[in-house]
Enquirer: 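Quick one: structure below, then a few questions.
Bear in mind the structure is a predicted one, so any value in this text is a computation, not a measurement.
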Amino acid sequence: MRRFLFMVVGGVLVVLALFFMYRYYFVFGRGVKAGELNYFVEKGYVFKTYEGRLIQSGYRSKQPGALQSNEFQFSVVDERIAQRLMSSSGKFVEVHYKEYLGAIPWRGFSNFIVDSVITVKDVVY
């Protein structure tokens, strides 16, 4: 009876560990986003994380004559990338990101984690 109980508890723990790994560490998607870096900050009470937002402007809008803008909120784990983005506020940046199925506190508030900066350019109006 003890052996059976041990195997059931062990099986449940393995299933929970696999679910956790799939939910929080499986890379669901990868991609590139570009836009004007609206803000980039380090924040958090216990876990200090880097959070940012890109504003992507567009021409298609549901209202005639209006411009559409999309926001891309992301987190950054790498200190080197964070320092580069910290000095690029208000510029046009192109970033590569990984999308996870869930966010964890020590990685950031967003499911999107920027892992590299491709280009940084001044905004031309």
Side-chain angles (χ1 to χ4, degrees):
M1 184 65 176
R2 283 178 120 181
R3 185 174 183 190
F4 175 74
L5 185 61
F6 178 74
M7 290 183 69
V8 168
V9 170
V12 168
L13 289 176
V14 166
V15 168
L16 287 174
L18 288 173
F19 173 76
F20 183 82
M21 293 297 289
Y22 174 74
R23 177 90 176 136
Y24 298 107
Y25 287 97
F26 173 71
V27 177
F28 179 68
R30 298 173 196 269
V32 175
K33 294 275 187 176
E36 187 176 337
L37 186 61
N38 186 310
Y39 77 88
F40 190 75
V41 296
E42 180 183 22
K43 64 181 180 179
Y45 292 111
V46 176
F47 300 105
K48 295 290 186 186
T49 60
Y50 293 101
E51 307 297 325
R53 178 174 42 194
L54 284 179
I55 303 296
Q56 302 170 289
S57 61
Y59 296 107
R60 299 170 127 198
S61 178
K62 295 178 182 177
Q63 299 175 358
L67 289 178
Q68 171 187 354
S69 74
N70 296 315
E71 292 182 356
F72 175 63
Q73 295 186 352
F74 60 92
S75 299
V76 175
V77 178
D78 189 351
E79 182 79 26
R80 183 179 50 83
I81 295 169
Q83 293 306 320
R84 183 166 181 200
L85 288 173
M86 197 68 85
S87 63
S88 302
S89 183
K91 295 184 179 179
F92 183 84
V93 296
E94 194 173 13
V95 295
H96 183 271
Y97 68 91
K98 294 179 184 176
E99 179 181 0
Y100 294 93
L101 297 174
I104 44 181
W106 52 88
R107 190 170 58 200
F109 293 116
S110 175
N111 294 357
F112 301 99
I113 308 297
V114 168
D115 58 357
S116 66
V117 176
I118 300 170
T119 59
V120 175
K121 300 177 187 173
D122 287 328
V123 177
V124 178
Y125 292 105

Enquirer: Would you give the length of the straight line joining atom CZ of F72 to atom CD of Q56, rounded to the nearest 0.5 angstrom?
Expert: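 Atom-to-atom, F72:CZ and Q56:CD are 7.5 Å apart.
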Enquirer: Evaluate side-chain contact (heavy atoms from CB on, under 4.5 Å) for S88 paired with V120, printing each intermediate quantity in order.
Expert: CA-CA 7 Å; S88 302; V120 175; 3.7 Å; yes
Enquirer: What are the two closest non-hydrogen atoms of S75 and S110, and how far apart are they?
Expert: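 Smallest heavy-atom distance, with atoms named: OG-N, 3.2 Å.
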Enquirer: Which heavy atom of H96 sits nearest to which heavy atom of V32, and what is that distance?
Expert: CD2-CG2, 4.0 Å
Enquirer: Which pair of non-hydrogen atoms, one from I55 and one from E71, has the smallest distance, and what is that distance?
Expert: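 Nearest heavy atoms, I55 then E71: CD1-CG, 3.6 Å.
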Enquirer: So, for A103 and G108, which heavy atoms are closest and what is the spacing to 0.1 Å?
Expert: CB-O, 3.7 Å
Enquirer: On a heavy-atom basis, which atom in Y25 and which in W106 lie closest, and how many Å separate them?
Expert: OH-NE1, 3.5 Å
Enquirer: Got a salt bridge between E42 and K48, using NZ or NE/NH1/NH2 to carboxylate O under 4.0 Å?
Expert: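 K48 and E42: not salt-bridged.
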Enquirer: Should the pair Y24 and F20 be assigned to parallel (<30°), tilted (30 to 60°) or perpendicular (>60°) ring geometry?
Expert: tilted
Enquirer: If you define the side chain from C-beta out and look only at heavy atoms, does anything of N38 sit under 4.5 Å from E36?
Expert: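 No, their side chains stay 4.5 Å or more apart.
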Enquirer: Enter the distance from R53:CZ to Y39:OH here, rounded to the nearest 0.5 Å.
Expert: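 Answer rounded to 0.5 Å: 4.5 Å.
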Enquirer: Honestly curious: do L54 and F112 fall in one hydrophobic cluster under the side-chain, below-4.5 Å linking rule?
Expert: yes
Enquirer: With heavy-atom distances below 4.5 Å as the criterion, would you say the side chains of Q73 and E51 are in contact?
Expert: no
Enquirer: Under 4.5 Å between side-chain heavy atoms, counting indirect links through other Ile/Leu/Val/Met/Phe/Trp/Tyr residues: same cluster for F92 and M86 or not?
Expert: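 They do not share one cluster, since no chain of ILVMFWY contacts under 4.5 Å joins F92 to M86.
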Enquirer: Measure from the side-chain N and O atoms of N111 to the backbone N and O of E99, and report whether any donor-acceptor pair falls under 3.5 Å.
Expert: no
Enquirer: Check the pair Y22, L18 against side-chain contact (heavy atoms from CB on, under 4.5 Å), reporting the backbone distance first and the verdict last.
Expert: CA-CA 6 Å; Y22 174 74; L18 288 173; over 6 Å; no
Enquirer: Using 0.5 Å steps for rounding, measure from the CZ atom of F4 to the CE atom of M1.
Expert: 7.0 Å
Enquirer: Is there side-chain contact between L37 and K91, with at least one heavy-atom pair below 4.5 Å?
Expert: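 Not touching, per the 4.5 Å side-chain cut-off.
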Enquirer: State yes or no: do V95 and I113 share one hydrophobic cluster built from I, L, V, M, F, W and Y residues joined by side-chain heavy-atom distances below 4.5 Å, directly or via other members?
Expert: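 V95 does not cluster with I113.
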Enquirer: Supply the atom-to-atom distance I81 CD1 to D115 CG, rounded to the nearest 0.5 angstrom.
Expert: 6.0 Å
Enquirer: Do the side chains of L85 and F74 get nearer than 4.5 Å, heavy atoms only?
Expert: yes
Enquirer: Measure the CZ-OH distance between F28 and Y100 for me, rounded to the nearest 0.5 Å.
Expert: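 Atom-to-atom, F28:CZ and Y100:OH are 13.5 Å apart.
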Enquirer: F109 versus K43: any side-chain heavy-atom pair under 4.5 Å?
Expert: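 Yes, close enough: below the 4.5 Å cut-off.
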Enquirer: Under a 4.5 Å cut-off applied to non-hydrogen side-chain atoms, are V41 and Y50 in contact?
Expert: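 In short, these two side chains do not touch, never coming nearer than 4.5 Å.
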